[in-house]
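Working notes for the structure below.
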Number of protein chains: 2
Amino acid sequence: MTNDYPVPDMADVELVDVLRAVADPIRLRIVTVLGDGEPHSKSAPDWGFDVQKSTLAHHFKALREAGITRTIVEGRSHAIQLRRAELDARFPGLVDALTHAGAAAD
Amino acid sequence: MTNDYPVPDMADVELVDVLRAVADPIRLRIVTVLGDGEPHSKSAPDWGFDVQKSTLAHHFKALREAGITRTIVEGRSHAIQLRRAELDARFPGLVDALTHAGAAAD
DNA sequence: AGCATAGTTCGATCGTTATCAAACTATGCA
DNA sequence: TGCATAGTTTGATAACGATCGAACTATGCT
């Protein structure tokens with residue numbers, strides 16, 4: 001019941017696909033917020049972007065399919081979280097560079 | 001006569017624009033090659049991509065306008081070079097993350 | 001001057017994608 | 001069971017961007 005929302009195997013994730021995913025203002029801000037490593041609710045109002053919730057859902061999906069995030073389902077509420085350790089192993093330094101060099105490895 | 005091809009002030013360069021520029025297979029490979037810091041000829045055959053030279057010129061322009069590269073004109077031949085020091089100062093670790101990742105997935 | 005070479009720019013095409021609104025699914029609650 | 005809530009999916013639209021070929025610009029060479 002938990003863990004629908006499949007993520008790609010990190011070994012299959014290509015750098016250019018990760019870059020395409022974060023090369024969007026909204027998705028880059030999402031990743032920046034996720035830089036703390038914690039799960040964050042997908043609740044649209046919480047994010048405060050000026051887009052509809054369907055658009056936000058589209059961005060969350062893009063990040064997950066690019067291998068950047070995972071989705072955590074708990075009841076009716078979904079949270080999104082960076083796949084930090086895996087990303088750091090596959091693309092050293094990338095997440096740090098994107099999130100403006102905030103420390104906190106895994 | 002020399003040094004047309006204007007580049008943006010690095011202070012005005014936004015991360016998301018840099019990411020959009022490198023979020024393309026050809027441009028990412030160009031940046032990887034430019035990672036040595038040296039100027040490289042724009043000569044299409046030298047690069048060996050399977051695109052026309054007009055397409056390659058489009059990619060060079062995209063990189064320059066994103067603030068990633070500069071163009072060096074000498075006679076009839078043009079060279080392209082990473083703005084490495086400026087990029088490293090503005091986006092610490094980014095160029096390293098982009099250029100070191102290719103080694104794993106070849 | 002005339003011609004070749006190196007690279008750019010232009011105009012068109014075509015695929016991709018960000019966006020919205022509406023319909024849908026799944027869960028929790030009374 | 002019925003209803004509200006949280007989020008997703010679908011279908012449509014519109015803008016963007018990668019690509020090509022052809023025309024153009026600038027430089028060097030004879």
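Here is the naming used below: chain letters follow the sequence lines, and residue numbers restart at 1 for every chain. Predicted model, so just to flag it, every value in this text is computed and none were measured.
- Shown here are the side chain to side chain donor-acceptor pair (under 3.5 Å) partners of B:Gln81, two or more places apart in sequence or in another chain: B:Arg70.
- For the salt bridge (charged side-chain N to carboxylate O under 4.0 Å, His left out) test, no residue two or more places apart in sequence or in another chain qualifies with A:Arg64.
- B:Tyr5 has its OH atom 15 Å from the P atom of C:dA6, to the nearest Å.
- Remark: A:Ser41, A:Lys42, A:Ser43 in residues 40-49 of chain A come within less than 4.0 Å of DNA chain D through at least one heavy atom.
- Judged purely by atom type and a 3.5 angstrom limit, A:Thr99 uses its side chain to pair as donor or acceptor with the backbone of A:Val95.
- When the C1' atom of D:dT8 is taken as reference, atom CD1 of A:Ile72 falls 18 Å away, rounded to whole Å.
- Evaluation of the side chain to side chain donor-acceptor pair (under 3.5 Å) rule for B:Arg76 yields no partner, not counting sequence neighbours.
- B:Asp12 meets the side chain to side chain contact (heavy atoms under 4.5 Å, CB included) test with B:Asp9; sequence neighbours excluded.
- When rounded to the nearest whole Å, the span between CG of A:Leu56 and C1' of D:dG7 equals 10 Å.
- Using modelled atom types, one side-chain atom of A:Trp47 and one backbone atom of A:Ser41 make a donor-acceptor pair closer than 3.5 Å.
- Annotation: the span from A:Thr69 atom OG1 to A:Ile80 atom CD1 amounts to 3.5 Å, rounded to 0.5 Å.
- Remark: B:His58, B:His59 in residues 58-70 of chain B come within less than 4.0 Å of DNA chain D through at least one heavy atom.
- In terms of the side chain to side chain contact (heavy atoms under 4.5 Å, CB included) criterion, residue partners of A:Ala66 (sequence neighbours excluded) are, by chain and number, A:Ala21, A:Ile68.
- For residues 67-86 of chain A, the ring-ring contact (aromatic ring centres under 6.0 Å, His included) pairs, not counting sequence neighbours, are A:Tyr5-A:His78.
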Requested in this report: Verify side-chain contact (heavy atoms from CB on, under 4.5 Å) between A:Leu94 and A:Leu15, making sure each step is shown before the conclusion.
Outcome: CA-CA 10 Å; A:Leu94 181 62; A:Leu15 176 59; 3.8 Å; yes

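- An angle of 20°, rounded to 10°, separates the two end axes of the helix from C:dA1-D:dT30 to C:dA30-D:dT1, each defined over five pairs.
- Contacts between residues 18-27 of chain B and DNA chain C, defined by a heavy-atom separation under 4.0 Å, are absent.
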Between the protein and nucleotides 21-24 of chain C, list every N/O to N/O distance that falls short of 3.5 Å.
from: C:dA21; atom 1: N7; to: A:Ser54; atom 2: OG; distance (Å): 3.4
from: C:dA21; atom 1: N6; to: A:Ser54; atom 2: OG; distance (Å): 3.1

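- For the salt bridge (Lys or Arg N to Asp or Glu O under 4.0 Å) condition, the pairs that include at least one residue of residues 19-43 of chain B, sequence neighbours left out, are B:Asp17-B:Arg20.
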